[in-house]
Amino acid sequence: MAGSSAQSSTAERIGYINRIESFSACHRLHSIHLSDEENKEVYGKCNNPNGHGHNYKVEIDAKTGMVMNLTDLKKCIEEVIMIPLDHKNLDKDVPYFTTVVSTTENVAVYIWDNMVKVLPPGLLHEIKIHETDKNVVVYRGE
Ligand SMILES: Nc1nc2c(c(=O)[nH]1)N=C([C@H](O)[C@H](O)COP(=O)(O)OP(=O)(O)OP(=O)(O)O)CN2
Ligand SMILES: [Zn+2]
C-alpha cells in the first residue's frame, strides 16, 4: 500500500532526548594500586599531588516517546551530577573515587551507574563527557 511500507506507526518509534549539563571539579589521577613512582610514570602531569581542575560538560542521552519529560530528566541530573560532583574534589568528596581513579572514563561509569537508578528502566542510552575541549569520553553501559 502506498506510503505505509514497513515503517512503524508514530506511537512505536523511539527518539532520543539529550540534555547537556556542566560541572566544575578538581581531581588527581592516582591509583592506590600503584607506587608513587609508577603513578608518576603512568599519569604524568595529571598525577600532580595538589591536583588540577576541569569544567566538565556532560551530555545525557535517553530514549523517549515522551515516556520521560525533560523536566524530570533535569531533576535526575541535579541529584546524580550537580549535587555530588559540582565544585567538589572528586577524589576526596566522592566516596566512589577513594578506590577508583577519577579518569573521565570512570566518571562516566559513576554517572551511568547512578543515573540508571533514578531513570525509568531501559531509558538511559549514553553518557558523553567532555573533560576538556579535546578529550571526550562516551559510555553506553557496556
Ligand atoms: N584515558 C584517559 N587519559 C587521560 C585522562 C582520562 O580521564 N582518561 N585524563 C587526563 C587528565 O585528567 C588531564 O587533565 C587531561 O588534560 P590535558 O592532557 O592537559 O588535556 P588536553 O589534551 O585537552 O590539553 P592539551 O595539553 O591542550 O592538549 C589525562 N589523560
Ligand atoms: Zn584531569
Side-chain angles (χ1 to χ4, degrees), residues 3-142:
S4 64
S5 70
Q7 263 184 349
S8 309
S9 71
T10 307
E12 290 166 341
R13 292 187 204 172
I14 295 176
Y16 292 86
I17 49 175
N18 176 290
R19 187 170 167 92
I20 301 172
E21 199 59 78
S22 301
F23 70 93
S24 303
C26 65
H27 74 150
R28 176 194 188 199
L29 296 187
H30 186 91
S31 169
I32 57 170
H33 305 292
L34 300 176
S35 68
D36 285 352
E37 278 314 306
E38 288 168 328
N39 268 297
K40 235 181 258 175
E41 174 139 357
V42 173
Y43 297 117
K45 66 177 180 178
C46 302
N47 183 242
N48 168 41
N50 293 323
H52 61 275
H54 293 289
N55 293 316
Y56 293 90
K57 192 172 85 175
V58 189
E59 295 185 42
I60 302 95
D61 255 24
K63 294 176 199 159
T64 184
M66 200 54 204
V67 178
M68 181 93 203
N69 186 311
L70 274 167
T71 309
D72 296 332
L73 180 58
K74 182 178 167 180
K75 286 183 200 148
C76 295
I77 290 170
E78 181 69 17
E79 189 183 325
V80 169
I81 298 176
M82 300 312 286
I83 294 172
L85 305 182
D86 189 37
H87 284 73
K88 296 288 165 52
N89 180 320
L90 298 181
D91 309 318
K92 295 182 179 172
D93 295 321
V94 186
Y96 181 85
F97 293 111
T98 51
T99 53
V100 175
V101 184
S102 53
T103 60
T104 308
E105 293 92 323
N106 289 337
V107 175
V109 169
Y110 168 90
I111 291 174
W112 176 282
D113 285 352
N114 287 293
M115 198 63 82
V116 289
K117 291 178 192 163
V118 296
L119 290 180
L123 280 201
L124 189 58
H125 173 243
E126 179 178 286
I127 298 292
K128 182 185 280 185
I129 305 184
H130 302 249
E131 183 193 50
T132 68
D133 288 342
K134 301 171 190 169
N135 298 342
V136 183
V137 163
V138 172
Y139 184 64
R140 290 186 178 158
E142 293 142 1

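All ligand and atom numbering here is 1-based and tracks the order in the structure. Nothing here was measured: the structure is a model prediction, and the numbers come from that model. These numbers come from the heavy atoms of this one structure, side chains and all, not from hydrogens, waters or symmetry mates.
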Mind listing the side-chain donor-acceptor pairs of residues 92-99 below 3.5 Å, one per line with the distance, residues two or more places apart or on another chain?
unit_1: Asp93; atom_1: OD2; unit_2: Asn89; atom_2: N; d: 2.7
unit_1: Thr98; atom_1: OG1; unit_2: Pro95; atom_2: O; d: 2.6

Listing, residues 16-23 side-chain donor-acceptor contacts under 3.5 Å, not counting sequence neighbours, or none:
unit_1: Asn18; atom_1: ND2; unit_2: Glu59; atom_2: OE1; d: 3.3
unit_1: Asn18; atom_1: ND2; unit_2: Asp61; atom_2: OD1; d: 2.5

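When hydrogens are left out, the protein atom nearest atom 4 (C) of ligand 1 is Leu29 CD1, 4.3 Å; that is the closest non-hydrogen contact. Among protein heavy atoms, the minimum distance from atom 12 (O) of ligand 1 is reached at Glu131 OE2, 2.9 Å. Closest to atom 26 (O) of ligand 1 among all protein heavy atoms lies Lys45 NZ, 3.8 Å. For atom 1 (N) of ligand 1, the closest non-hydrogen atom of the protein is Glu105 OE2, 2.7 Å. For atom 23 (O) of ligand 1, the closest heavy atom belonging to the protein is Thr132 OG1, 2.7 Å.
Closest heavy-atom approach to atom 24 (O) of ligand 1 among the candidates His52, Lys134, His54: Lys134. Considering only non-hydrogen atoms, atom 16 (O) of ligand 1 lies nearest to Asn135 out of Val101, Val136, Thr103, Asn135.
Close contacts between ligand 1 and His27 involve ligand atoms 12 (O) [criterion: under 4.0 Å to a heavy atom]. Listed by number with element, the atoms of ligand 1 under 4.0 angstrom from any heavy atom of Thr104 are 6 (C), 7 (O). Each of the atoms 10 (C), 11 (C), 12 (O), 13 (C), 14 (O), 29 (C) of ligand 1 lies under 4.0 Å from some heavy atom of Cys46.
Atoms NE2 and SG, from His52 and Cys26 in turn, are 9.0 Å apart once rounded to the nearest 0.5 Å.
Using a cut-off of 2.8 Å, one finds that Cys46 contributes no N/O/S atom close to the Zn ion (ligand 2).
The shortest distance between side-chain heavy atoms of Arg28 and Cys46 does not fall below 4.5 Å. Ile83 places a side-chain heavy atom less than 4.5 Å from the side chain of Glu78.
For CG of Asn135, the number of neighbouring non-hydrogen atoms (other residues, nucleotides, ligands) closer than 6.0 Å is greater than 12.
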- Task: Check the pair Ile111, Ile81 against side chain to side chain contact (heavy atoms under 4.5 Å, CB included), reporting the backbone distance first and the verdict last.
- Result: CA-CA 7 Å; Ile111 291 174; Ile81 298 176; 3.9 Å; yes
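Centred on the Zn ion (ligand 2), the angle running from His54 (NE2) to His27 (NE2) is recorded as 110°, rounding to 10°.
Residues His27 and Asp91 bring no donor and acceptor atom of their side chains to less than 3.5 Å of each other.
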